[in-house]
Visitor: 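Here's a structure for you.
Below, chain A is the first sequence line, B the second, and so on; all start at residue 1.
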Protein chains: 2
Amino acid sequence: MGKLSAASIVERAIQIGDTEGIDAVTIRRLATDLGVTPMALYWHFKNKEQLLIGMADHLVANFAPKPADDRPWRLRLRELIEGLIHVLRAHPCARTVLEQIDKEDVPSYLAVWNEALGLTRAAGFADGESCLISKYLLQSAIAIADAPVHFRSGHTDEEIAEIVRVKRLSLESLPADTYPHLVRMADSMVNLPPGLYDSFGVDLILAGIESLAARRS
Amino acid sequence: MGKLSAASIVERAIQIGDTEGIDAVTIRRLATDLGVTPMALYWHFKNKEQLLIGMADHLVANFAPKPADDRPWRLRLRELIEGLIHVLRAHPCARTVLEQIDKEDVPSYLAVWNEALGLTRAAGFADGESCLISKYLLQSAIAIADAPVHFRSGHTDEEIAEIVRVKRLSLESLPADTYPHLVRMADSMVNLPPGLYDSFGVDLILAGIESLAARRS
DNA sequence: ACCTGAACACCGTTCAAGT
DNA sequence: ACCTGAACACCGTTCAAGT
């Protein structure tokens, strides 16, 4: 049973994070799950921060940028962000993990960033602009991937209905004189047109980039 | 010295968070700072989560939306996001605090959201679109406010120069064959054109919204 | 190389009790 | 109403030691 390895630790950590939240991902909990002493983990990771980085790297590594081709940059940028969103959405803990660390310490994240940087440069943006655009793009992907709970797998229809109901109620029971729009639109907030959530965020940021590109020339 | 109150606790917590990071904000640490027993804090906040919500509410409450007027919605939206960014940027811990909690539990955040919702609806977007746009807008404000360290107050020129140097070096010393663009643009990454950072993120998202508005009609 | 045992310095929180 | 004391069940991490 020499199963303990950096990879097996990280996989178990992600599993715990996905199902019980990031706070449940603890050195000691991980150790007992893996049938080992807490200190055993310190052989594979210098400290907890490195473990979190390992988790992030593993998560993002599921996304492999397509090799360069000659399609226009807008298509390739869209493919990049949609691919990243798709990969991250498979793991509920993805956003929290990525938030807790410095993303520049995550090799697979740097790879995606490098790719985005190449594409924005190819789009004709200056260096400084490319840096910011690529940064915001990846940031947005992470935020968009972290969809409301009823867009995720692993819930029955009844559970989703109940979550939506509770959430709408909590919005509707807000004081209507201080939050008039929020209260009035409570229903729209929880019952978004199907498909809108997935595409809208991507459309928004890509339209922004496109518009900056047009303004520049 | 009956100085202990929810407000004084929250203020001290923000102070600690700003200077030493959110992990230093601890019930016990707070208690000793305030010259009181840890359990005293539980009279004012049910638990640590409520304390974090209190911090977030206090931070965002520094932003007061301007009363409605008849200027075009693009101007008012821009003013909203720029104002929020300005207020949040005064506190280094703002982003981390807001990340750790459910923003729908933060009254002052709901007030800003309500305002944004009113403006996007006034812009002519449908209910569902308004919900998503306002959500992304506030999200972006938080992300943009969390600027790289050298855009913040409280650092000498020497400190900033050193931080920039180290960061550039760490980018430049990445393997150039796997991250060619990152390595080549390391300098641009840390030495952004002055003023670009502040405006670019806002321009990007507002251009996106504008473009969606145009497409719709 | 890989893991264990014991110990240290922390956490958040409950519950009964004080004033 | 507001705060304390003692206790509980956790954390991450170090360091020396085992195989």
Visitor: Between atom CG in B:Leu41 and atom P in C:dC11, what is the gap in whole Å?
Guide: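 Value for this atom pair: 12 Å.
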Visitor: Under a 3.5 Å cut-off for both contacts, is C:dC8 paired Watson-Crick or G-U wobble with anything, and if yes, with which nucleotide?
Guide: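 D:dG12 - that is the nucleotide pairing with C:dC8, both distances being under 3.5 Å.
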Visitor: Figure out the CD/P separation between B:Glu49 and C:dG12, and round it to whole Å.
Guide: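 Value for this atom pair: 14 Å.
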Visitor: Keeping A:Asp57 on the side-chain end and A:Ser108 on the backbone end, is there a donor-acceptor pair under 3.5 Å?
Guide: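 It does hold such a pair.
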Visitor: Please give me the minimum heavy-atom distance between A:Ala116 and A:Ser134, naming the atom from each residue.
Guide: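 Looking at all heavy atoms of both residues, the closest pair is CB-CB, 3.9 Å.
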Visitor: Which nucleotide sits closest to the side chain of A:Ala40: C:dT14, D:dA7, C:dC3?
Guide: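 Ranking C:dT14, D:dA7, C:dC3 by closest atom to the A:Ala40 side chain puts C:dC3 first.
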Visitor: From the list D:dG12, C:dG12, C:dC2, which nucleotide is the closest neighbour of the side chain of A:Lys48?
Guide: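 Selected nucleotide: D:dG12.
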Visitor: OP1, OP2 of D:dC10 versus side-chain N and O of A:Thr26: anything below 4.0 Å?
Guide: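 The answer is no; no side-chain N or O of A:Thr26 sits under 4.0 Å from OP1 or OP2.
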Visitor: Could you state the atom-to-atom distance from CG of B:Leu4 to P of D:dA1 in whole Å?
Guide: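 Taking CG of B:Leu4 and P of D:dA1, I get 16 Å after rounding.
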Visitor: On the nucleotide C:dC3, are OP1 or OP2 found under 4.0 Å from the side-chain N or O atoms that A:His44 carries?
Guide: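 Answer is yes, contact under 4.0 Å.
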Visitor: Can you tell me the pairing partner of D:dT19 across any strand shown, Watson-Crick or G-U wobble, with both distances under 3.5 angstrom?
Guide: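 D:dT19 is paired, partner C:dA1.
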Visitor: Please report the distance, rounded to the nearest Å, between CH2 in B:Trp43 and P in C:dG12.
Guide: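 From B:Trp43 CH2 to C:dG12 P: 21 Å.
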Visitor: Considering only D:dT13, D:dT4, C:dG12, which nucleotide approaches the side chain of B:Arg28 most closely?
Guide: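 Closest nucleotide to the B:Arg28 side chain: C:dG12.
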Visitor: Between D:dG12 atom C1' and A:Ile22 atom CD1, what is the distance in whole Å?
Guide: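 Rounding to the nearest Å, CD1 of A:Ile22 and C1' of D:dG12 are 15 Å apart.
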Visitor: Given D:dC2, C:dT4, D:dT4, which nucleotide is nearest the side-chain atoms of A:Met39?
Guide: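 Nearest nucleotide to the side chain: C:dT4.
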Visitor: So that I can tick it off, tell me whether B:Arg95 and A:Glu99 are bridged by a salt bridge, with the cut-off set at under 4.0 angstrom between side-chain N and carboxylate O.
Guide: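 Looking at B:Arg95 together with A:Glu99, the answer is no, because their closest N to O distance does not fall below 4.0 Å.
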Visitor: Can you tell me which nucleotide in D:dG12, C:dG5, D:dC3 comes closest to the side chain of A:Thr37?
Guide: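 It is C:dG5.
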Visitor: Find the distance B:Tyr42:OH to D:dC2:P and express it as a whole number of Å.
Guide: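 Those two atoms, OH and P, are 18 Å apart.
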Visitor: Take the protein atom CG of A:Asp23 and the nucleotide atom P of D:dC10, then report the distance between them rounded to whole Å.
Guide: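 Interatomic distance, CG of A:Asp23 to P of D:dC10: 15 Å.
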Visitor: Using side-chain contact (heavy atoms from CB on, under 4.5 Å) as the criterion, point out the one residue from A:Leu59, A:Leu138, A:Leu88 that pairs with A:Leu98.
Guide: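 Of the listed options, the one satisfying the test is A:Leu88.
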Visitor: Output the rounded distance in Å from CG (B:Leu30) to P (C:dC11).
Guide: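 My rounded result for the distance is 11 Å.
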Visitor: Closest approach to the side chain of A:Arg29, judged atom by atom: which nucleotide of D:dT13, D:dC11, D:dT4 is it?
Guide: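 For the A:Arg29 side chain, the nearest candidate turns out to be D:dC11.
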Visitor: In this structure, are over 12 heavy atoms from other groups packed under 6.0 Å from A:Asp102 atom CG?
Guide: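 Yes, enclosed.
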